[in-house]
Amino acid sequence: MEYRLPFRQYNKALRKNKLLGLKCNDCGKITCPPTMACSKCAGTNMEVCELSGNGLIVTLSTVYVAARGREAELPYTVALVELEEGPWIMGNLIDIDPRKAGMDLMGKKTALSFKVCPADEFSAGVAAARPAFCVMRE
Amino acid sequence: MRRVAVLGTGHSNYMFRSEKPSTELMSETAMEAIIDSGLMPGDIQAFLMGNAWGAFEEGQSTLQSYVANEIGCYNIPATRLEGACSSGTMAVREGFIWVASGFYDIVLVGGVERATALPTPLATRVFVTCADSLYEWPTGFVYPASFGMLAHLYCRTYNIPLSKLEGIMACVSVQSHEYALLNPKAQIHKKLTKEDVLNSPMVATPLRLHNCCPFTDGSAAIVLASEEFAKKLDKRPVYIAGVGQASSGRISSQSAYYPRIRSREVSSRQAYRMAGITPEDIDLCELHDCFSIASLIAAEGLGFFEYGTAGDAWEKGNTRIGGKIPINISGGLKAKGHPVGATGVGQVVEVTQQLRGELMEQGRQVEGARYGMTDTMGADGVVTNIILTTEK
Ligand SMILES: [Zn+2]
């Protein structure tokens with residue numbers, strides 16, 4: 001059984017600033033990032049949909065000690081964002097000072113952007129895009 | 001299903017920069033466990049071993065087969081279990097099932113890791129290979145950030161000011177270091193104050209260096225046998241009363257439960273149900289404190305405290321010997337150390353020794369304990385639990 005939304009397609013779209021997910025035709029649940037089975041009912045009757053990319057910051061952490069190959073990005077902020085369509089997704093926060101990123105950002109609205117992670121020898125040559133969220137000023 | 005007993009145990013010193021390769025580290029404690037059981041290598045019918053990253057650390061995969069041969073267990077089936085930080089406990093659980101099912105009577109279970117063979121930046125990269133490599137690693141995600149995000153969410157969910165949580169988390173580390181001072185096998189023998197924790201360098205907000213466990217080299221081993229066989233030996237048997245294991249998806253997929261860990265609740269309930277007991281019956285616990293916030297989340301998920309209240313227990317000493325539920329009296333991952341593949345086996349060794357009353361001389365015996373529990377969590381939610389007992 002083939003993936004309805006494989007990583008390659010998701011990654012390609014994100015590099016064009018489009019966030020793709022899956023909508024379940026049986027229960028209506030939106031799953032993003034994609035999985036083979038619906039994250040609610042475990043059915044596979046899903047179709048690809050484009051998400052708004054808008055969401056709210058659920059939680060965050062600013063990293064000061066990176067894994068090998070990512071040191072140049074330090075310090076940077078990793079966050080979990082709740083998309084307005086429901087699912088949570090992990091991304092980075094941009095347009096903020098990571099050194100000042102604290103709990104006061106939790107609940108703030110975000111808009112989608114993206115950054116590409118360079119491939120290393122453990123990543124099968126894949127340069128993966130990840131969501132980079134701009135924090136909306138109120 | 002047959003009852004399964006823990007016979008002998010073996011446990012290396014946990015340390016930085018072991019001069020011994022993993023084959024030697026593992027073989028030494030494996031032999032120690034066999035001798036402690038009053039057995040010979042030829043009595044062992046199968047070997048199960050936890051090891052997460054031998055290939056990265058020493059360019060050595062398939063360690064289990066070489067170890068079996070090293071110790072004279074020629075041509076027995078040797079199997080490696082990998083579930084990141086849960087690898088060792090997975091091996092214990094698997095060994096339990098193999099003996100309980102009647103397929104084997106005597107099984108050797110071990111775990112080994114030599115994580116400090118890797119320089120820290122590479123070790124951090126290797127450890128994060130157990131995160132979702134396609135959808136989450138690209139953010140520069142590292143495990144301290146995972147638990148940093150959980151810490152912030154914990155504060156928000158239970159309405160705890162961050163400064164208060166930072167104080168509580170410092171207490172967790174201070175207690176672990178205090179007990180590790182009494183444990184000759186612990187990696188870190190250094191008294192720690194709350195100020196030391198709060199002034200240590202930031203790793204991933206709000207977690208500082210002393211909210212994080214170290215990288216560790218070490219190994220541990222046990223021999224498991226059927227009750228019938230165990231009764232023939234004069235060693236005071238400790239039985240496995242219950243086991244649990246559960247997996248999880250990537251971190252973002254756990255949204256509905258965070259900061260609770262669903263897989264821990266699934267796994268620990270399996271173990272309680274099998275043992276026919278409740279969290280109130282547990283007399284001591286070795287749980288997965290890879291980061292100090294993880295201790296609070298684990299203690300609540302295992303059912304020892306209401307959600308959002310575990311911090312009070314550490315602050316009031318209810319997790320010490322004599323408290324409601326003594327936790328990580330070995331020093332825990334924070335100070336005893338965390339040799340990934342060995343960690344869960346080491347926890348079972350610790351609880352077995354506690355239940356046998358063997359730690360009086362070390363000054364950290366939990367007296368009269370009848371039920372002890374272990375808890376490990378690998379990757380984003382590979383949770384395993386073992387309940388041990390002296391009850392017949
Ligand atoms: Zn569905």
Side-chain angles (χ1 to χ4, degrees), chain A residues 7-8 10-11 14 31-35 39-40 58-71 73-83 86-93 98-99 101-103 105-107 114-118 120-124 126-132, chain B residues 55-56 118-129 131-157 160-163 165 201-209 212 249-259 291 293 380:
Chain A
F7 171 74
R8 198 159 42 92
Y10 171 93
N11 191 37
L14 189 53
T31 298
C32 178
T35 45
S39 58
K40 187 177 179 192
V58 178
T59 186
L60 71 159
S61 176
T62 294
V63 177
Y64 288 89
V65 179
R68 195 191 66 177
R70 304 299 291 267
E71 296 91 339
E73 299 170 44
L74 288 173
Y76 56 86
T77 304
V78 178
L80 284 167
V81 166
E82 181 175 348
L83 297 168
W88 288 20
I89 189 168
M90 194 184 288
N92 295 109
L93 298 185
R99 292 178 188 280
M103 282 184 63
L105 290 177
M106 291 163 71
F114 72 95
K115 286 170 94 172
V116 176
C117 164
D120 68 8
E121 68 267 54
F122 306 134
S123 55
V126 176
R130 80 276 197 174
Chain B
F56 292 101
L118 300 169
T120 298
L122 180 55
T124 307
R125 176 69 184 98
V126 167
F127 275 52
V128 85
T129 57
D132 183 315
S133 64
L134 297 177
Y135 296 103
E136 299 195 335
W137 150 250
T139 63
F141 169 85
V142 286
Y143 275 94
S146 166
F147 285 88
M149 288 193 287
L150 277 168
H152 284 142
L153 194 57
Y154 187 92
C155 286
R156 178 59 54 91
T157 306
I160 298 169
L162 180 59
S163 57
L165 183 70
M202 192 63 83
V203 175
T205 59
L207 304 180
R208 295 172 180 277
L209 181 66
C212 308
R250 65 178 73 107
I251 284 175
S252 58
S253 75
Q254 301 179 44
S255 57
Y257 260 81
Y258 259 32
F291 301 95
I293 182 66
D380 296 346

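The chains referred to below are lettered A, B, ... by the order of the sequence lines, with proteins before strands, and numbering in each begins at 1. Computed over heavy atoms, backbone and side chain alike; hydrogens, waters and symmetry mates excluded. Note that the structure is a prediction, hence the values are computed from the model and not measured.
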Separation between CD of A/E82 and OG of B/S252, rounded to the nearest 0.5 Å: 12.0 Å
At what distance, to the nearest 0.5 angstrom, does CE of B/M202 lie from CZ of A/R99? 11.0 Å
Rounded to the nearest 0.5 Å, what's the gap from CG on A/L80 to CZ on B/F141? Could you check? 8.5 Å
Chain B heavy atoms under 4.5 Å from A/D120: which part of the residue, side chain, backbone, both or neither? side chain
Can you name the residues that form a side-chain contact (heavy atoms from CB on, under 4.5 Å) with B/P201, not counting sequence neighbours? B/L209
Less than 4.5 Å to any heavy atom of chain B: does that hold for the side chain of A/V58, its backbone, both, or neither? both
Specify the closest pair of heavy atoms between A/G91 and B/T139, including all atoms of both residues, with the distance to one decimal. CA-CG2, 3.6 Å
I'd like to know if the side chain of A/T62 and the backbone of B/T205 have a donor-acceptor N/O pair within less than 3.5 Å. no
Based on non-hydrogen pairs under 4.5 Å, which of A/P131, A/S39, A/A67, A/S61 is most in contact with chain B? A/S61
Side chain, backbone, both or neither of A/P34 within contact of chain B (heavy atoms, under 4.5 Å): both
By a 4.5 Å heavy-atom criterion (distance strictly below it), what part of B/V203 contacts chain A: side chain, backbone, both, or neither? both
Find the one option among B/P144, B/A145, B/S133 whose heavy-atom pairs under 4.5 Å with chain A are most numerous. B/A145
Please classify the contact between A/V63 and chain B as side chain, backbone, both or neither, with a heavy-atom cut-off of under 4.5 Å. both
In chain order, what residues pass the side-chain hydrogen bond (donor to acceptor under 3.5 Å, both in side chains) check against A/E73, with sequence neighbours excluded? A/R70, A/R130
I'd like to verify something: which residue of B/V128, B/L207, B/V126, B/V142 has the highest number of heavy-atom pairs under 4.5 Å with chain A? B/V142
What part of A/F7 gets within 4.5 angstrom of chain B, counting heavy atoms only: side chain, backbone, both, or neither? both
Can you name the nearest heavy-atom pair linking A/L60 to B/M149, along with the distance? C-CG, 3.6 Å
For A/W88 and B/S255, which heavy atoms make the closest approach, and how far apart are they? CD2-CB, 3.0 Å
Locate the shortest heavy-atom distance separating A/M103 from B/R156; write the atom from each residue and the value. O-NH2, 3.3 Å
Give, as side chain, backbone, both or neither, the part of B/F56 having an atom under 4.5 angstrom from any heavy atom of chain A. side chain
Count the heavy-atom pairs under 4.5 Å between each of A/C117, A/C32, A/A128, A/P33 and chain B, then report the option with the highest count. A/P33
Which bit of A/A132 is near chain B, if near means a heavy-atom gap under 4.5 Å: side chain, backbone, both or neither? neither
With a 4.5 Å cut-off on heavy-atom pairs, point out which of A/M106, A/E71, A/K115 contacts chain B the most. A/M106
Counting only heavy atoms closer than 4.5 Å, note whether A/I89 contacts chain B via side chain, backbone, both or neither. backbone
